[in-house]
Amino acid sequence: MRRNNLKKNTLHELLMANNVLKMAKENKRIDGRDFLDYRPIKIEPNVIEKPDASARVMLGDTFIIVGINFEIGTPFSDSPDKGILITEGEVLPTASFGAEAGPPSEEEIEISRVVDRSIRESGVVDLSELVIVPGEKVLKMFVDFNIFNDDGNIVDAAVLGTVAALLTGKMPDPKYIAEHIDEIDKISLKEVPRVPIPVKDIPISTTLALIGDKFYVDPNYVEESVAEALITITHTKNDEICAVQLYEGALGYEQVFEALNISLNKSREIRDILLSMVKNESTETNE
Amino acid sequence: MPKKEKKNEKVDEFIRPDGRKYDELRPYKIRAHILKNADGSAEIRLGGNWIIAAVYGPKEHFPKFEISQDRAILNCRYHMNPYSTSERKSPKPSRREIELSKVIRNALTQSVILDDFPEMSIDVFIEVAQAEGSTRVASITAASVALADAGIPMRDMVVGCSAGKYNGHIILDVGEIEDKEGEADLPIAIMPNLRKVVLLQMDGKMTHEEFKKAFDLALKGAMQLYEEQLNALKNILESMSTLGEGEINEKK
């Protein structure tokens with residue numbers, strides 16, 4: 001993902017990249033992890049009070065905040081009975097030495113679209129439940145995620161954060177708005193009673209880097225920079241595949257299925273971690 | 001040439017929106033060297049898809065500060081024309097087109113021997129004149145022929161094909177209706193001789209078993225299109241050699 005940015009990388013990163021390859025020969029990773037290990041995951045839902053839902057995710061040193069807002073909007077003409085989901089991600093200039101402010105880069109657009117697909121295709125939110133008046137008014141759900149510190153694997157962190165936010169957030173009640181549709185111009189969305197967001201699935205994305213014929217789960221920034229191939233696979237809670245993206249590089253035919261199997265096993269494990277952290281949070285807030 | 005299947009010879013009960021069998025490609029035709037000015041060019045027709053690819057280069061790279069010392073830079077733009085869809089598409093590149101340009105560039109980069117041209121760049125332009133589903137993989141198939149037509153050294157051809165799931169059935173070469181109404185879409189691109197996958201995306205929902213089936217089906221379709229790529233290049237070689245003789249005769 002970052003090969004094109006190599007010139008922007010610090011000398012330290014280039015030396016570390018060299019280390020990744022050296023240690024690969026000894027079957028080791030630079031941070032001492034096993035090849036199939038994630039870094040420590042910390043998920044904190046509701047870290048920001050203003051939006052309808054939010055979460056902060058720390059995946060090792062990767063630091064992401066996700067915020068979700070609802071607005072009233074008009075449905076697309078080809079899907080009149082569905083709400084709208086818009087996902088946008090931005091790598092902030094705080095994120096790394098090479099990160100720049102400005103219009104979204106190719107990579108940022110790609111990452112946003114992969115996160116969008118993971119959320120949308122898993123059906124985590126049933127968009128038909130966001131309808132106020134079919135064909136006329138629906139709820140628009142904006143998922144915005146920002147990367148404050150980029151130590152690799154932004155996508156997995158963003159999907160974790162989005163799902164955690166959805167599980168703990170509240171949205172304006174579309175039924176209430178439908179009942180008060182005559183006064184819709186007067187309604188302040190903030191005053192509309194809140195209901196839980198209709199969450200139907202728990203999609204988990206897992207990103208793998210191929211370095212020297214070996215898959216590295218949850219690659220960090222340096223590992224991503226030397227990866228021969230980089231792929232994200234998202235699984236639903238029923239073990240279906242709902243999104244795949246090969247960002248760069250090439251995979252042998254058999255390697256595709258090796259990656260799918262690794263991803264399936266990891267997704268089950270990470271889903272349990274996510275659910276335990278979200279549960280802890282909701283009990284804490286109840287107390 | 002596309003095979004013409006005999007009608008309803010005990011086809012599976014399942015019929016696709018355009019009457020195809022589950023493992024049947026739409027009619028296809030690839031032609032190389034169709035634009036006079038480009039260093040290499042090709043067009044593909046796959047069902048209603050009509051996609052034109054042009055290659056310029058290798059040439060001096062601008063701006064200078066972006067030059068890569070050890071290899072050429074491959075630029076790629078996938079672009080849908082405003083009239084390519086029934087609802088006008090804004091000519092401004094959409095987020096989708098930016099993403100597709102990137103994954104297509106990656107797919108082609110795997111095959112092109114960029115080390116041969118340090119400090120240079122190669123531009124690949126893909127214009128979708130008419131879109132009817134699976135344009136990204138058809139684009140790659142055409143672009144690879146255009147690169148070969150430009151005489152750019154490559155490790156292998158790159159050929160793309162899609163598979164998907166529609167009404168519970170795994171299908172080859174996802175058409176427009178199947179794309180909109182289907183359950184899943186799996187576009188892939190491969191280097192057929194090196195047996196490498198260079199583009200792999202999926203959206204929708206498939207079990208691991210269905211994914212395997214779809215993947216194998218897409219591979220099969222890609223191999224068929226690979227033959228057509230070779231045909232297109234052979235045809236252009238033949239017409240070039242006759243053209244060459246003609247020129248020589250004229251000079252005499």
Side-chain angles (χ1 to χ4, degrees), chain A residues 1 3-4 6-7 76-79 86-89 103-114 116-123 201 203 210 228-236 238-257 259-261 263-264, chain B residues 65-71 73-74 76 86-87 93-103 105-111 155-156 158 165 180-181 183-192 194-212 214-216 218-219:
Chain A
M1 205 185 295
R3 201 163 289 172
N4 300 330
L6 219 54
K7 274 185 202 151
F76 292 120
S77 56
D78 58 350
S79 52
I86 293 169
T87 313
E88 274 183 41
S105 68
E106 219 177 31
E107 282 81 13
E108 284 170 290
I109 289 174
E110 183 179 36
I111 286 166
S112 307
R113 286 178 57 84
V114 175
D116 184 278
R117 282 209 285 274
S118 300
I119 301 300
R120 185 187 304 275
E121 302 298 340
S122 64
D201 207 308
L210 182 75
E228 285 140 47
L230 195 60
I231 186 170
T232 291
I233 300 155
T234 308
H235 280 92
T236 65
N238 297 325
D239 292 346
E240 293 155 315
I241 306 161
C242 68
V244 178
Q245 179 87 340
L246 176 64
Y247 302 95
E248 69 169 38
L251 292 175
Y253 297 168
E254 298 75 21
Q255 284 173 330
V256 171
F257 294 97
L260 286 174
N261 286 331
S263 168
L264 174 61
Chain B
F65 68 88
E66 276 180 11
I67 279 180
S68 147
Q69 306 278 323
D70 54 346
R71 61 212 308 250
I73 291 172
L74 186 86
C76 178
S86 42
E87 232 169 272
S94 64
R95 288 167 70 88
R96 174 180 171 276
E97 284 169 292
I98 293 170
E99 185 205 344
L100 293 192
S101 298
K102 183 182 175 287
V103 291
R105 184 185 68 218
N106 174 64
L108 298 172
T109 300
Q110 303 307 315
S111 83
R155 296 180 178 88
D156 197 348
V158 180
K165 187 179 168 191
K180 278 193 186 126
E181 296 170 9
E183 295 99 282
D185 182 13
L186 172 73
I188 69 165
I190 57 166
M191 294 195 282
L194 297 173
R195 294 174 58 82
K196 292 269 187 194
V197 180
V198 292
L199 178 137
L200 181 67
Q201 295 185 297
M202 198 208 88
D203 56 70
K205 267 190 201 173
M206 277 200 262
T207 63
H208 274 239
E209 204 180 316
E210 287 167 338
F211 186 99
K212 174 92 176 68
F215 184 84
D216 289 345
L219 280 186

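In what follows, chains are A, B, ... by sequence order, proteins preceding strands, each numbered from 1.
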Per-residue contact mode, [X] against chain A (heavy atom under 4.5 angstrom):
{"X": "Ile73(B)", "value": "neither"}
{"X": "Leu199(B)", "value": "backbone"}
{"X": "Lys212(B)", "value": "both"}
{"X": "Val103(B)", "value": "side chain"}
{"X": "Ile190(B)", "value": "side chain"}

Are the charged groups of Lys102(B) and Glu110(A) less than 4.0 angstrom apart, N to O? yes
When rounded to the nearest 0.5 angstrom, what is the spacing between CD in Glu210(B) and CD1 in Ile241(A)? 9.0 Å
Given a strict heavy-atom distance threshold of 4.5 Å, which part of Ile233(A) is in contact with chain B: side chain, backbone, both, or neither? neither
Check each atom of Asp116(A) against the heavy atoms of chain B and say whether the ones under 4.5 Å are side chain, backbone, both or neither. neither
Among Ile188(B), Leu194(B), Asp203(B), which residue has the highest count of heavy-atom pairs closer than 4.5 Å to chain A? Asp203(B)
Under the criterion side-chain contact (heavy atoms from CB on, under 4.5 Å), I'd like the reasoning laid out for Asp239(A) against His208(B): C-alpha separation, chi angles, the key distance, then a yes or no. CA-CA 8 Å; Asp239(A) 292 346; His208(B) 274 239; 5.6 Å; no
Report the residues that fulfil ring-ring contact (aromatic ring centres under 6.0 Å, His included) with Tyr253(A), sequence neighbours left out, ordered by chain and then residue number. none
Which of [options] touches chain B most, by non-hydrogen pairs under 4.5 Å:
{"options": "Ser77(A), Ser118(A), Gly252(A)", "answer": "Gly252(A)"}
{"options": "Thr232(A), Leu264(A), Thr236(A)", "answer": "Leu264(A)"}
{"options": "Val256(A), Leu246(A), Val244(A)", "answer": "Val244(A)"}

Sequence-distant partners of Asp156(B), side-chain hydrogen bond (donor to acceptor under 3.5 Å, both in side chains), two or more places apart: Asn193(B)
Is there a side-chain contact between Met202(B) and Glu121(A) in this structure, where contact means two heavy atoms from C-beta onward sitting under 4.5 Å apart? no
With distance as the sole criterion, is a donor-acceptor pair present between the side chains of Glu99(B) and Gln245(A) under 3.5 Å? yes
